[in-house]
**Student:** 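One structure coming up, written as structure tokens, with questions to follow.
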Amino acid sequence: MNPQNLKLSQLRALVAVAEAGNFSEAALNLNLSQSTVSHAIATLETELGVILIKRGRYGAVLTPLGERMVTQARQIQELLAQMVQEANREKGLQGGNIRIVSFRSVSTHILPSVIAQFRNHFPDVTVSLTEFDDTPEMEHAVRTGQADIGFTYLPTSPEFEVWEILQDDYIAILPPHYNINSSRLTWEQLVSYPLILSSTSCCSSLILKYLKKTNFPLNIAYHVREDSTILGMVAQGLGVSIIPGLAARPVPPLVQVCQLPDPLIRVIGVMVLKNALHSPAVYTFLDALRQVGRFNKKAV
């Protein structure tokens, strides 16, 4: 006998007859005709070459072999139900995992409230967060399927579907003893102090491109990776820095904040891989971002 000839409909009919004790009630429970259920059992017995159910005036009675077969048929049905449940969890909101990659300032000031709100509504969905220093690393993680959602600077590659989250102004931060008479620095004032700049490529390249606007010589004293370290060094009077406003929060009490000679803005966006098959949980998380007012517009 070829096991592939067995049909799930036959196993369902066997279990239904065993539970009902007769063919007519089993047919009602399966929403089938009695002849269809009877035919399913008959063909199953023919395929197996054994008798599973004895028909009589008092109903349908399982043979000893039939009882063992019903137990196995129920196990098969339970496994099928588990397969369907796993699939639904993966594509739905009753389970699964959303993988997010971000940089520190977004992870600190934007994501906690969004994740908390999302988890309150969908506690069975796991949200994992990985921090990177540079946007190219985050774009690579989304591009290669290591992450579902990522944050980056706009504009970015057309392979991503992106939404603008916010426009973050860069600020100048100065030590407490520097005498500044205006809320906005001049170029001459800015470059007259030792500069403490970020060493991360995405932020560093943006700031260095900005500093090319001046014809004054630059005194770049330090390249530092962590925003908190930059703030600490400025507070100790080791120099001034140009830093995103979001990354500077909370500004230490003794550190002075000034506007730059010309505006410098980083546009932060959230991205998913375009044309990829995303789970409903991913889009629901993006909706959670929108509901807390973090979406400005869909970026082109």
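Note that the structure is a prediction, hence the values are computed from the model and not measured. FYI, side chains are in, hydrogens and waters are out, and symmetry mates aren't considered; it's all heavy atoms of this structure.
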**Student:** Is there a side-chain contact between E19 and R74 in this structure, where contact means two heavy atoms from C-beta onward sitting under 4.5 Å apart?
**Tutor:**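 A side-chain contact exists here, since the closest heavy-atom pair is under 4.5 Å.
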
**Student:** Assess, by modelled atom type and distance only, whether the side chains of T144 and Q146 contain a donor and an acceptor separated by less than 3.5 Å.
**Tutor:**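 Yes.
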
**Student:** Got a sec, which residues hit ring-ring contact (aromatic ring centres under 6.0 Å, His included) with F122, two or more places apart in sequence or on another chain?
**Tutor:**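 Partners of F122 under the ring-ring contact (aromatic ring centres under 6.0 Å, His included) test: F118.
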
**Student:** With the 4.5 Å side-chain cut-off for hydrophobic clustering, are L48 and V37 part of the same group?
**Tutor:**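 Yes; tracing contacts between hydrophobic side chains, which count when under 4.5 Å, links both residues.
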
**Student:** With sequence neighbours excluded, what pairs up with T135 under the side chain to side chain donor-acceptor pair (under 3.5 Å) test?
**Tutor:**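 Scan of T135 (side chain to side chain donor-acceptor pair (under 3.5 Å), adjacent residues dropped) gives none.
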
**Student:** Can you name the nearest heavy-atom pair linking A248 to L231, along with the distance?
**Tutor:** O-CD1, 3.6 Å

**Student:** Without swapping roles, check the side chain of Q259 against the backbone of S183 for a donor-acceptor pair under 3.5 Å.
**Tutor:**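 Side chain of Q259 to backbone of S183, a donor-acceptor pair under 3.5 Å: no, none is there.
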
**Student:** Donor-acceptor pair, distance only, cut-off 3.5 Å: does the side chain of T108 make one with the backbone of S105?
**Tutor:**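 Answer holds: no.
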
**Student:** Test of understanding: clusters of I, L, V, M, F, W, Y form through side-chain heavy atoms closer than 4.5 Å, transitively. Do F151 and I243 belong to the same one?
**Tutor:** no

**Student:** Can you check whether A247's main-chain N or O pairs, donor with acceptor, with R104's side chain at less than 3.5 Å?
**Tutor:**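 Yes, because the side chain of R104 sits within donor-acceptor range (under 3.5 Å) of the backbone of A247.
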
**Student:** Run the ring-ring contact (aromatic ring centres under 6.0 Å, His included) test against Y170 and tell me which residues pass, sequence neighbours left out.
**Tutor:**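 Residues passing ring-ring contact (aromatic ring centres under 6.0 Å, His included) with Y170: none at all.
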
**Student:** Quick one: do Y210 and V224 end up in the same hydrophobic cluster if we chain Ile, Leu, Val, Met, Phe, Trp and Tyr together by side-chain heavy atoms under 4.5 Å apart?
**Tutor:** no

**Student:** For the pair S198 (side chain) and T200 (backbone), establish whether a donor and an acceptor sit closer than 3.5 Å, ignoring hydrogens and angles.
**Tutor:**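 Side chain of S198 to backbone of T200: a pair is present.
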
**Student:** My understanding is that only residues two or more places apart in sequence, or in another chain, count here; which of them pass side chain to side chain contact (heavy atoms under 4.5 Å, CB included) with E78?
**Tutor:** none

**Student:** Does the side chain of M138 reach to within under 4.5 Å of the side chain of F132, using non-hydrogen atoms?
**Tutor:**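 Counting from C-beta outward, M138 and F132 do come under 4.5 Å.
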
**Student:** For residues S24 and Q34, is any side-chain donor paired with an opposing acceptor at under 3.5 Å?
**Tutor:** no

**Student:** Under the 3.5 angstrom rule, does the side chain of T46 hit a backbone N or O of A42 as a donor-acceptor pair?
**Tutor:**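 Looks like yes, one N/O pair under 3.5 Å.
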
**Student:** Tell me if a side-chain donor or acceptor on S241 pairs with a main-chain N or O of L197 at a distance below 3.5 Å.
**Tutor:** no

**Student:** Say whether, by atom type as modelled, one donor and one acceptor occur between the side chain of T71 and the main chain of E67 under 3.5 angstrom.
**Tutor:**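 It does hold such a pair.
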
**Student:** Any chance the side chains of T43 and Q10 put a donor and an acceptor closer than 3.5 Å?
**Tutor:** yes

**Student:** Does R55 come within less than 4.0 Å of E45, counting only side-chain N to carboxylate O?
**Tutor:**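 Here R55 pairs with E45 in a salt bridge, since their nearest N and O are under 4.0 Å apart.
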
**Student:** Is there a donor-acceptor pair closer than 3.5 Å between any side-chain N or O of Q256 and the backbone N or O of P175?
**Tutor:**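 Checking the backbone N and O of P175 against the side chain of Q256, a donor-acceptor pair under 3.5 Å is found.
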
**Student:** Which value, rounded to the nearest 0.5 Å, describes the distance between I230 atom CD1 and I173 atom CD1?
**Tutor:** 7.0 Å

**Student:** Are I207 and I171 connected in a single hydrophobic cluster, I mean Ile/Leu/Val/Met/Phe/Trp/Tyr linked by side-chain heavy atoms less than 4.5 Å apart?
**Tutor:** no

**Student:** Among all residues two or more places apart in sequence or in another chain, which pass the ring-ring contact (aromatic ring centres under 6.0 Å, His included) test with Y153?
**Tutor:** F103

**Student:** For the residue pair E139 / T156, report whether a side-chain donor-acceptor contact shorter than 3.5 Å exists.
**Tutor:** yes

**Student:** Would you say D134's side chain and E137's backbone share a donor-acceptor pair under 3.5 angstrom?
**Tutor:** no

**Student:** Indicate the atoms forming the closest heavy-atom contact of I41 with A13, along with that distance.
**Tutor:** CD1-C, 3.7 Å

**Student:** Do H278 side-chain atoms and V272 backbone N/O form a donor-acceptor pair below 3.5 Å?
**Tutor:** no

**Student:** Would V70 and L14 count as a side chain to side chain contact (heavy atoms under 4.5 Å, CB included) here? Give the steps.
**Tutor:** CA-CA 7 Å; V70 166; L14 177 64; 3.7 Å; yes

**Student:** Got L238 and Y193 here, is their nearest side-chain heavy-atom distance under 4.5 Å?
**Tutor:**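 No, their side chains stay 4.5 Å or more apart.
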
**Student:** Is it true that, when you exclude N215 itself, more than 12 heavy atoms of the residues, nucleotides or ligands shown sit nearer than 6.0 Å to its CG?
**Tutor:** no

**Student:** For the CG atom of L28 and the CG atom of N22, what is their distance to the nearest 0.5 Å?
**Tutor:**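 CG of N22 is found 9.0 Å from CG of L28.
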
**Student:** Give a yes-or-no answer on whether the side chains of T186 and E188 include a donor-acceptor pair shorter than 3.5 Å.
**Tutor:**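 Their side chains do not contain a donor-acceptor pair, so the 3.5 Å distance test is not met.
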
**Student:** Following the transitive rule for hydrophobic clusters with a side-chain heavy-atom cut-off under 4.5 Å over Ile, Leu, Val, Met, Phe, Trp and Tyr, establish whether V251 and V240 coincide in one cluster.
**Tutor:**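 No, V251 does not connect to V240 through the hydrophobic network.
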
**Student:** Decide yes or no for W187 and S192: does some side-chain heavy atom of the first lie under 4.5 Å from some side-chain heavy atom of the second?
**Tutor:**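 They are not in side-chain contact.
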
**Student:** Could I get the full list of side chain to side chain contact (heavy atoms under 4.5 Å, CB included) partners for T63, not counting sequence neighbours?
**Tutor:**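 Side chain to side chain contact (heavy atoms under 4.5 Å, CB included) list for T63, sorted by chain: I51, K54, L65.
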
